[in-house]
Q: 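Before I ask anything, let me first share the structure, which is written out below as structure tokens.
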2 protein chains.
Amino acid sequence: MRKSPASTAPKPSGLDCRLAVLGTDARLTPHRREVFQVLAESTDHPTAYDVFDRVKGRSPGISLATVYNCLEHLTGHGLIKLVQVERAQARYCANIQEHVHFHCESCGSVSDAHPIKPLDPTHFWNLPAGSTVSHTEVAIHGLCPACATKKSR
Amino acid sequence: MRKSPASTAPKPSGLDCRLAVLGTDARLTPHRREVFQVLAESTDHPTAYDVFDRVKGRSPGISLATVYNCLEHLTGHGLIKLVQVERAQARYCANIQEHVHFHCESCGSVSDAHPIKPLDPTHFWNLPAGSTVSHTEVAIHGLCPACATKKSR
DNA sequence: ATTAGAACAAGAATGATTCTAATTCAAATG
DNA sequence: CATTTGAATTAGAATCATTCTTGTTCTAAT
């Protein structure tokens, strides 16, 4: 089951401007758009299967394999990020601003934390001599506000 | 195939002092000792299967399931650390000093980087109000010295 | 209209990890 | 010394996320 992109694509929203970067070397298909929209509307860092579940409501015929394809495509084009805080399942988020992830060790939720000031890793750690840094990934583990108050009682 | 711990355990080494913490609430079985020793002698952050491969030389009868059990046990007691820099496979290291991981995006190797000064995450990121931090995990991605020189030519 | 290339679907395949059930052992007890 | 209890261990099955394969369908260009 497939639709024509021009006729059935959702109305452009503020987020769609980011999709414009796909213009030249990639195609913005309805499925990719739906997957991206679902992620853009989610703050809970859904897994691939979560995304599949949510996209199904809009594109009933979509398959899990296609969701994986779309996620990989969008990740490859820098429109979404892959997050891996726990052992097992990969999670995704559409927040491509500089940020780190806060992981609650009690309920397993993941939320974003935004930078106050930039961090230069070479000021804090002795990196191997001659290495080059492309990016730094930070995951802060602890208790989210809800779990912290629950535990303190 | 199992051995008596007292009779066939390897001679105590400097690292064994760390195993002493297991004393009260956990048993230091030969397998657990072997798994720990293999990790203590490795600087390349082996996967569970790598550990299995290396332990087999010393304990030929050991099973992969036992290696997983031992790794989980040692991780639970804070003797080793679980590292996850890439998508798929978990890696382990016996370095429990404060350190972060440097991941080469070209060859996939993982090495340790030690801190120059402590990092307080609350100075750098706006954490959710009311949350508590237990630890911060940092992974620095880039090119290791060998791959960096290879690429620059 | 034809062709080429990408997107897609379905299900198989892979691969890491966990679970299950049965066995073996160590230490404590009678 | 025999028994019991509980943990360690094993092999293999099961699970689960992810990737791969194959054939089909669509879009855009020719």
Side-chain angles (χ1 to χ4, degrees), chain A residues 1-9 19 22-36 45-53 55-56 58-77 79-80 82-92 108, chain B residues 1-9 19 22-36 45-53 55-56 58-77 79-80 82-92 108:
Chain A
M1 200 210 73
R2 299 176 59 193
K3 300 171 187 173
S4 143
S7 61
T8 63
L19 294 173
L22 291 177
T24 47
D25 64 333
R27 310 233 310 267
L28 176 53
T29 68
H31 282 160
R32 287 178 186 163
R33 178 187 292 266
E34 300 282 13
V35 166
F36 178 78
H45 303 77
T47 65
Y49 196 89
D50 292 336
V51 173
F52 172 55
D53 250 358
V55 168
K56 268 195 296 191
R58 310 177 182 195
S59 299
I62 200 169
S63 76
L64 179 57
T66 299
V67 170
Y68 270 104
N69 288 340
C70 292
L71 288 171
E72 191 186 343
H73 180 92
L74 293 169
T75 306
H77 285 82
L79 283 159
I80 62 173
L82 170 66
V83 190
Q84 200 136 26
V85 281
E86 283 176 290
R87 223 179 149 116
Q89 238 175 322
R91 292 164 168 276
Y92 296 86
Chain B
M1 202 211 74
R2 299 176 56 193
K3 300 170 186 172
S4 142
S7 61
T8 62
L19 293 173
L22 290 178
T24 47
D25 63 335
R27 309 235 308 268
L28 176 53
T29 67
H31 283 161
R32 286 179 187 163
R33 179 187 292 268
E34 300 283 12
V35 166
F36 178 77
H45 303 77
T47 65
Y49 196 88
D50 293 336
V51 172
F52 172 55
D53 251 358
V55 167
K56 269 195 295 193
R58 311 176 180 195
S59 299
I62 200 169
S63 75
L64 179 57
T66 299
V67 170
Y68 270 104
N69 287 341
C70 293
L71 289 171
E72 191 187 343
H73 181 92
L74 293 169
T75 305
H77 285 81
L79 284 159
I80 61 173
L82 169 66
V83 191
Q84 201 136 26
V85 280
E86 285 175 291
R87 223 180 149 113
Q89 238 175 324
R91 293 163 167 276
Y92 296 86

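Just so we're on the same page: letters track the sequence lines, and every chain starts at 1. The basis for the numbers below is simple: all heavy atoms, side chains too, and nothing from hydrogens, waters or symmetry mates.
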Q: Quick one: do B:D53 and B:K56 satisfy side chain to side chain contact (heavy atoms under 4.5 Å, CB included)? Show the steps, please.
A: CA-CA 5 Å; B:D53 251 358; B:K56 269 195 295 193; 3.4 Å; yes
Q: Regarding A:N69, tell me which of base, sugar-phosphate or nothing describes its non-hydrogen contacts under 4.0 Å with the strands shown.
A: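 If one applies the 4.0 Å heavy-atom cut-off, A:N69 turns out to touch nothing in the nucleic acid.
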Q: Nearest to the A:A65 side chain among D:dA11, C:dC8, D:dC20, which nucleotide is it?
A: D:dC20
Q: When you check the phosphate oxygens OP1 and OP2 of D:dA17, does a side-chain N or O of A:T47 lie under 4.0 Å from one of them?
A: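 Checking D:dA17 against A:T47, no side-chain N or O comes under 4.0 Å of OP1 or OP2.
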Q: Distance check needed: D:dA17 C1' versus A:R91 CZ, whole Å only.
A: 13 Å
Q: Closer than 4.0 Å, any side-chain N/O of A:T29 to the OP1 or OP2 of D:dC26?
A: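 So the side chain of A:T29 is outside the cut-off, no N or O lying under 4.0 Å from OP1 or OP2 of D:dC26.
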Q: By nearest atom, which of the nucleotides D:dT18, C:dA9, D:dT10 is closest to the B:I62 side chain?
A: D:dT10
Q: Tell me which nucleotide, if any, is Watson-Crick or G-U wobble paired with D:dT30 when both distances must be under 3.5 Å.
A: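 Pairing partner: C:dA1.
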Q: Supply the atom-to-atom distance B:E34 CD to B:R58 CZ, rounded to the nearest 0.5 angstrom.
A: 5.5 Å
Q: Rounded to whole Å, how long is the line connecting atom CG of A:D50 with atom P of D:dT18?
A: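 Going from CG in A:D50 over to P in D:dT18 covers 10 Å.
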Q: As a test of reading the structure: which of D:dG12, C:dA7, D:dT18 is closest to the side chain of A:A48, going by heavy atoms?
A: D:dT18
Q: Let me know the distance between CD of A:Q84 and P of C:dT17, rounded to the nearest Å.
A: 11 Å
Q: If only side-chain N and O atoms of A:H31 are considered, is one of them under 4.0 Å from the OP1 or OP2 phosphate oxygen of C:dA7?
A: no
Q: How many Å lie between CZ on A:R32 and P on C:dA6, as a whole number?
A: 10 Å
Q: Does C:dC8 have its OP1 or OP2 closer than 4.0 Å to a side-chain nitrogen or oxygen of A:T66?
A: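 False: A:T66 side-chain N/O out of range (4.0 Å or more) of C:dC8 OP1/OP2.
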Q: Rounding to an integer number of Å, can you tell me how far A:F52 CZ sits from C:dC8 P?
A: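 So the CZ-P distance, A:F52 to C:dC8, works out to 14 Å.
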Q: A:L64 has an atom CG; how far is it from atom P of D:dC20, in whole Å?
A: 15 Å
Q: Which nucleotide in the set C:dC8, D:dT18, C:dT17 lies at the smallest distance from any side-chain heavy atom of A:C70?
A: C:dC8
Q: In chain order, what residues pass the side chain to side chain contact (heavy atoms under 4.5 Å, CB included) check against B:Y68, with sequence neighbours excluded?
A: B:A48, B:L64
Q: OP1, OP2 of C:dT17 versus side-chain N and O of B:Y68: anything below 4.0 Å?
A: yes
Q: In whole Å, what is the span from the CD atom of A:E72 to the P atom of D:dT19?
A: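 To the nearest whole Å, that distance equals 6 Å.
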Q: When you check the side-chain N and O atoms of B:D50 and B:T47, is any donor under 3.5 Å from an acceptor?
A: yes
Q: Rounded to the nearest angstrom, tell me the gap between atom CG in B:L71 and atom C1' in D:dT9.
A: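 One finds 15 Å between C1' of D:dT9 and CG of B:L71, rounded.
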Q: Could you work out, with ring-ring contact (aromatic ring centres under 6.0 Å, His included) as the rule, every residue matching A:Y92, not counting sequence neighbours?
A: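 Scan of A:Y92 (ring-ring contact (aromatic ring centres under 6.0 Å, His included), adjacent residues dropped) gives none.
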